[in-house]
Amino acid sequence: MENLLQLWNSSGLAQIGPGQAFMLVIGLLLLFLAIRKGFEPLLLVPIGFGGILANIPGAGLAYSAVENAVQGADPALMLDFARVLGVAATQSAKELLTAYAASDSATHLAIQQLAMDAGYGNGMLYSFYSVAIASGIAPLVIFMGVGAMTDFGPLLANPKTLFLGAAAQFGIFATVIGAVFLTSIGWMDFSISDAAAIGIIGGADGPTAIYVSSVLAPELLGAIAVAAYSYMALVPMIQPPIMRALTTEDERKIEMVQLRPVSQREKIVFPLVLLIMVAFLLPDAAPLLGMFCFGNLMKECGVVDRLSDTAQNALINITTIFLGLSVGSKLVADKFLDVNTLGILGLGIIAFGIGTASGILMAKLMNRFGSTPINPLIGSAGVSAVPMAARVSNKVGLEANPHNFLLMHAMGPNVAGVIGSAVAAGVMISLVGG
Amino acid sequence: MENLLQLWNSSGLAQIGPGQAFMLVIGLLLLFLAIRKGFEPLLLVPIGFGGILANIPGAGLAYSAVENAVQGADPALMLDFARVLGVAATQSAKELLTAYAASDSATHLAIQQLAMDAGYGNGMLYSFYSVAIASGIAPLVIFMGVGAMTDFGPLLANPKTLFLGAAAQFGIFATVIGAVFLTSIGWMDFSISDAAAIGIIGGADGPTAIYVSSVLAPELLGAIAVAAYSYMALVPMIQPPIMRALTTEDERKIEMVQLRPVSQREKIVFPLVLLIMVAFLLPDAAPLLGMFCFGNLMKECGVVDRLSDTAQNALINITTIFLGLSVGSKLVADKFLDVNTLGILGLGIIAFGIGTASGILMAKLMNRFGSTPINPLIGSAGVSAVPMAARVSNKVGLEANPHNFLLMHAMGPNVAGVIGSAVAAGVMISLVGG
Amino acid sequence: MENLLQLWNSSGLAQIGPGQAFMLVIGLLLLFLAIRKGFEPLLLVPIGFGGILANIPGAGLAYSAVENAVQGADPALMLDFARVLGVAATQSAKELLTAYAASDSATHLAIQQLAMDAGYGNGMLYSFYSVAIASGIAPLVIFMGVGAMTDFGPLLANPKTLFLGAAAQFGIFATVIGAVFLTSIGWMDFSISDAAAIGIIGGADGPTAIYVSSVLAPELLGAIAVAAYSYMALVPMIQPPIMRALTTEDERKIEMVQLRPVSQREKIVFPLVLLIMVAFLLPDAAPLLGMFCFGNLMKECGVVDRLSDTAQNALINITTIFLGLSVGSKLVADKFLDVNTLGILGLGIIAFGIGTASGILMAKLMNRFGSTPINPLIGSAGVSAVPMAARVSNKVGLEANPHNFLLMHAMGPNVAGVIGSAVAAGVMISLVGG
Amino acid sequence: MQQDIVSQGVELMLYGMGTVVMFLALLVVATTVMSAFVGRYFPETEKVPAQPRKSATAPDDSELVAVISAAVHQHRGRK
Amino acid sequence: MQQDIVSQGVELMLYGMGTVVMFLALLVVATTVMSAFVGRYFPETEKVPAQPRKSATAPDDSELVAVISAAVHQHRGRK
Amino acid sequence: MQQDIVSQGVELMLYGMGTVVMFLALLVVATTVMSAFVGRYFPETEKVPAQPRKSATAPDDSELVAVISAAVHQHRGRK
Ligand code: NA
Ligand code: NA
Ligand code: NA
């Protein structure tokens with residue numbers, strides 16, 4: 001009988017809260033969007049599944065040993081925790097965790113040892129998160145793989161498109177302003193670090209967003225990653241109206257001159273030039289852009305093809321699986337269900353819109369002062385969201401002029417946008433994260 | 001001269017004990033069985049090789065830094081150990097290690113620091129074990145890969161075969177009874193946790209057995225894993241006599257109606273249904289079944305094929321290599337050579353036999369009450385041992401009736417058996433492991 | 001304004017020192033040699049790139065949290081460090097780090113906690129180094145992959161070529177003498193451990209050199225690895241003059257009898273024979289040779305092809321990427337730019353030369369006493385540098401006699417050299433590392 | 001050794017086996033309901049082959065076919 | 001909440017966007033110079049195809065061709 | 001610096017080189033014995049090719065052959 005009770009008490013139905021139930025539905029919804037609607041499935045399938053696992057009631061898969069111990073709420077253990085933390089023994093679970101978060105590393109270790117000795121362990125997803133994201137490694141490895149898949153040819157053929165990639169990052173910083181404004185009027189409660197992490201959604205680059213969040217605002221990482229990947233999937237819906245509103249029919253019809261051929265040697269030297277510039281000007285962007293350049297150099301140099309091949313396949317796939325599940329661990333109800341999450345979702349879409357608009361307006365500006373005509377539709381590709389945004393430019397361009405193939409021209413600002421948002425990430429970590 | 005002595009003293013011949021010599025032979029025997037006889041070579045080659053490495057005299061590859069320090073037996077260091085552990089300085093090596101195992105995490109850390117400061121390090125296999133198995137990760141990753149290789153089509157076409165998969169798990173629990181009985185009459189010395197871990201051998205599923213052992217009875221893990229994989233390889237010898245004894249010629253001739261086609265959508269939804277049921281009813285099975293369902297969803301959803309492909313190949317292969325070597329580390333003589341190991345080997349084969357019989361008897365029972373005829377030979381496939389057991393059902397069926405192809409019908413109970421033993425694992429961890 | 005200053009102060013140009021600038025050039029030079037000249041690109045591309053990343057001023061990618069904290073030089077934190085280390089508060093950064101290195105594990109932990117609490121973290125490359133090399137795992141995994149790519153057929157057909165592989169290791173030990181001699185006359189400052197690690201360059205085997213350095217002389221690892229791989233790439237330039245000088249035209253024309261066919265069973269049993277001999281005679285070589293034999297057994301046994309395939313591809317490639325970047329972290333200016341580095345580079349090339357000569361002289365000696373003629377040119381392949389050295393033997397042989405194909409004959413001493421240097425590694429770790 | 005390890009074992013068997021059977025029985029129900037629901041409300045409009053798609057290798061197929069075509073040409077050219 | 005979080009945000013925007021634009025503008029210069037330099041002093045002598053080489057699979061090609069040849073033979077033999 | 005680092009080095013050389021030579025000499029003996037033993041008592045009945053089997057790709061062969069057959073058909077159909 002006692003066993004039956006033990007089984008029932010350890011079952012999910014006996015322990016589920018409304019938040020967890022809601023998050024299970026959210027997880028299923030993400031899977032539906034990924035599988036049925038094709039929303040960035042490589043990330044959203046693992047994230048959605050991880051979100052479901054994280055919210056299994058009673059399993060504690062997304063919690064650390066300490067959090068699991070606090071939820072276990074053994075009175076004697078809680079007394080020990082309170083003693084080590086130096087707080088009153090009457091503190092609630094939430095207050096204990098707050099005191100724990102504020103304590104120093106030595107206290108952390110002592111509390112962890114107490115939790116382990118009492119038989120509590122880290123949940124599976126928490127372990128994945130520690131190894132893959134808290135260490136910073138998974139986004140960097142993915143960035144290396146992305147580098148190994150990126151062709152800088154179109155950018156090298158027309159370096160001026162870097163300006164489009166720069167302009168589109170205005171979406172990032174406009175969103176920072178939005179976040180601090182919402183805070184100043186009391187609707188939300190974001191610190192300047194939070195605001196910077198939220199802004200990076202406008203960079204339209206998944207690994208960069210996850211990397212910045214993991215450094216500046218780990219508690220918002222789940223919402224930021226979900227917003228970034230969802231909106232990247234929505235680029236074909238978000239961008240075209242803005243593109244049409246800001247351009248005239250004539251502008252959309254502009255045909256661009258064919259790109260010059262780019263030699264292999266230029267492609268080999270480019271990642272090194274970029275790396276040296278990062279080294280001299282913005283060391284805080286060195287991890288992200290360094291790994292990106294490394295991947296690209298492996299691809300282009302032609303002598304380490306087996307490494308480049310692995311970076312583009314086995315390694316990035318393995319990392320993606322664990323990155324996705326780890327992000328899912330941040331969808332646990334008591335961290336995700338917060339008014340701030342709504343703010344993040346709202347600000348994220350604004351970031352995409354402003355980035356798109358800035359890119360287009362910069363292209364129009366360059367058209368006014370430059371001699372070579374630029375179709376302003378390629379400006380929107382500067383937000384990155386590689387290669388979706390470039391395809392959108394191409395598609396909208398074809399609607400206006402069936403002989404106008406903008407895809408390769410849009411790939412320039414598209415990869416420039418990746419560099420641009422990594423630079424923005426470096427600046428923000430440098431200014432805010434110190 | 002002193003150097004020659006140092007070299008000789010550090011050589012294996014000067015240090016080998018009879019147990020290690022015996023275990024080297026066991027390791028070679030496992031390799032022979034794997035390579036020449038085809039006994040589950042993907043696991044038994046690494047396990048056998050790991051077993052040899054673990055028993056290399058003087059190398060200490062399977063020991064932690066602390067164990068290596070205790071074997072080094074430097075008197076000053078042993079005094080320090082005894083002081084930190086709070087035991088008498090006259091304790092033997094074995095007593096010191098027992099006191100260490102019983103001490104709390106803070107003491108563990110202090111002793112480890114002393115051992116490291118004295119120049120002792122963790123052996124290679126010990127490190128592999130810590131990362132791959134003690135963390136729980138390797139069995140889970142393998143389970144994900146197995147999920148990505150599993151086709152639930154036959155099960156979905158005939159869900160009633162889940163009952164066969166349930167019945168065959170009786171082998172697990174009957175073995176628990178056997179283990180506690182042997183303990184109660186004093187022949188063996190198993191705790192209830194040990195008994196549960198031994199029982200899981202009857203689940204005929206390698207990663208589940210390793211996962212449960214690593215949680216409930218890490219010191220028995222080597223014997224349990226070796227038994228599980230050896231008996232899985234022996235399924236074509238163990239099962240047919242039992243199958244023939246419990247069925248009549250007529251029963252073996254029963255032809256089954258062809259399976260209905262199963263739509264892709266059912267296959268996509270099924271792992272989610274299973275996951276939700278696990279979440280609500282048996283959270284303790286969530287890590288195992290969650291990863292299994294995740295692998296299966298990646299396979300079936302059709303939009304993350306590169307992840308599914310990696311989960312089935314590079315990732316599962318890498319994990320298998322380190323899992324096998326890690327299991328081998330538990331074949332170190334002073335842990336493996338124990339009367340309990342004999343008990344485990346004996347109980348394991350009984351578990352397989354009882355599981356086989358239960359599956360067949362359940363099929364006969366269902367035949368009595370159901371309308372659609374079931375060939376009782378597919379009941380034996382319920383033990384899992386995918387896909388060996390299903391092939392055995394097919395083979396024995398063909399002997400009785402050359403037109404009777406049972407393979408696809410037996411795949412239903414076969415994969416049901418995987419779910420069944422993962423559920424059993426969850427129950428046992430929930431009831432015993434708390 | 002303050003922000004502009006913060007950005008400028010955090011830029012690389014404001015912080016770069018002459019050493020870092022020089023090392024950036026060295027990194028680019030390594031990349032040039034690897035990409036343009038084909039110098040062992042699989043290792044030197046990651047090493048060179050890692051070297052650049054390590055020397056990005058202000059990024060601290062190659063430093064631990066403690067080193068980064070000491071470079072940050074916050075006065076209050078330095079006072080805390082000095083207090084915990086028990087040294088005077090007036091110590092310089094360098095003296096603090098020396099005191100830290102000399103302190104015990106518990107003090108290490110306390111200092112690390114202080115650094116983390118102050119917001120300092122481990123650099124990316126430092127983390128890679130800890131996981132990949134300090135743990136010993138990466139060289140071992142690469143050795144396993146090399147084992148899975150090695151064909152012992154030519155060695156088994158003519159086991160006497162093992163003597164050539166033994167003789168060529170004299171380069172290792174002659175270099176040890178060179179290193180201690182340079183120390184005794186005061187030109188360099190090497191300990192006996194350092195000398196042993198430097199000697200292993202003469203083994204012409206990358207993973208062995210990295211493994212030995214990581215155990216015996218981690219601070220010299222960068223220079224040793226760069227020397228080892230560079231000279232391996234230079235084998236076609238270093239060896240031929242020595243080969244021609246030590247052999248007569250007639251000797252170079254010697255044609256060797258065709259190798260007997262070797263059965264698969266011999267190939268399966270050989271790694272086990274080697275493993276057992278290592279177990280009995282030289283346990284300290286067990287990690288290296290154990291993993292090597294394991295890889296080879298997986299390849300030859302024919303029943304775990306999917307594991308062997310992964311060990312030769314995805315796994316070795318992933319490991320190579322991180323191994324290379326980790327070695328690059330040791331090219332950080334303040335550790336690499338040292339007069340000892342010049343000594344290492346000089347001694348390394350001498351080691352290659354002596355090894356080559358010893359192999360050839362041993363072949364001539366065997367020719368004098370044996371009945372079967374041996375072309376002494378295959379002796380130089382005994383240094384390992386697989387398969388480059390064997391190709392050099394073949395090429396020089398063809399010059400003397402266009403019908404003389406030595407490649408397969410030279411593969412015997414070539415793989416024998418791998419075993420030989422792994423044995424030498426074991427001896428040195430046993431005698432010096434204890 | 002506790003005196004009642006046997007009774008512990010029996011308990012474990014009863015509750016364990018009971019849970020396994022109950023869980024899988026519920027899964028039979030859930031699966032049947034799910035299949036009926038999917039079949040009724042979300043029938044697959046396009047014809048899907050009965051066996052699972054061999055799509056894991058899909059990303060390489062086009063490339064593989066190209067290589068093969070080249071190889072076949074080369075192979076013929078050599079004759 | 002600090003009273004000046006808005007001004008912090010504005011500052012972050014100004015310095016951040018400024019850095020992004022400056023960095024990418026310098027990169028335009030550096031890239032243009034690099035391309036001109038490479039084109040002038042290190043022109044590629046051999047003709048290189050415009051698209052990146054599909055060499056990632058190169059190490060396996062010979063083996064693949066061998067397997068294919070065998071398969072083609074086998075395939076014909078079966079007819 | 002200890003005064004006798006040179007003698008330490010010489011010792012390391014003597015013992016080290018001695019061990020290497022001895023170990024490999026024993027390995028020559030062991031290998032020769034092993035080959036003789038295997039050749040006498042466990043000769044391979046089936047004819048095995050001299051070069052190592054290219055079996056690393058074996059698990060995929062059947063699939064590969066299927067793909068190839070399809071490709072060849074497709075290739076021909078296109079003509
Ligand atoms: Na971007
Ligand atoms: Na089972
Ligand atoms: Na060597």
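This is a predicted model, so every value here is computed, not measured.
- When side chains are defined from C-beta on, A/Ile52 does not count as touching B/Phe294, because their heavy atoms never get closer than 4.5 Å.
- Taking A/Asn55, A/Leu61, A/Leu325 one by one and counting their heavy-atom pairs under 4.5 Å with chain B, the maximum is reached by A/Leu325.
- The structure places OG1 of B/Thr319 at 7.5 Å from CD1 of A/Ile318, a figure rounded to the nearest 0.5 Å.
- Taking every heavy atom of both residues into account, B/Ala286 and A/Ala59 meet most closely at CB-CB, 4.4 Å.
- Residue A/Leu315: no heavy atom, backbone or side chain, is found under 4.5 Å from chain B.
- Atom CZ of B/Arg306 and atom CD of A/Gln312 lie 8.0 Å apart (nearest 0.5 Å).
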- [ ] Give the C-alpha distance, both sets of side-chain angles, the deciding distance and a yes or no for side chain to side chain contact (heavy atoms under 4.5 Å, CB included) between A/Phe39 and B/Val303.
- [x] CA-CA 10 Å; A/Phe39 273 36; B/Val303 291; over 6 Å; no
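- With a 4.5 angstrom heavy-atom cutoff, A/Ala34 touches chain B only via backbone atoms.
- Within the model, atoms CE of B/Met298 and CG of A/Leu42 stand 10.5 Å from one another, a figure rounded to the nearest 0.5 Å.
- In this structure a side-chain-to-backbone donor-acceptor pair under 3.5 Å is missing from B/Asp104 to A/Asp117.
- Nearest heavy atom pair, residue A/Ala314 against residue B/Ala314, reads CB-CB, 3.9 Å.
- Interface remark: of the candidates B/Cys293, B/Gly136, B/Ala311, B/Ala285, B/Cys293 forms the most heavy-atom pairs closer than 4.5 Å to chain A.
- A/Ile321 approaches B/Leu307 most closely through the heavy-atom pair CD1-O, 3.9 Å.
- A/Gln113 contributes atom CD, which lies 10.5 Å from atom NE2 of B/His108 (distance to the nearest 0.5 angstrom).
- When the side-chain contact (heavy atoms from CB on, under 4.5 Å) test is applied to B/Leu272, the partners found at least two apart in sequence or on another chain are A/Leu28, A/Leu31, A/Phe49, B/Leu297.
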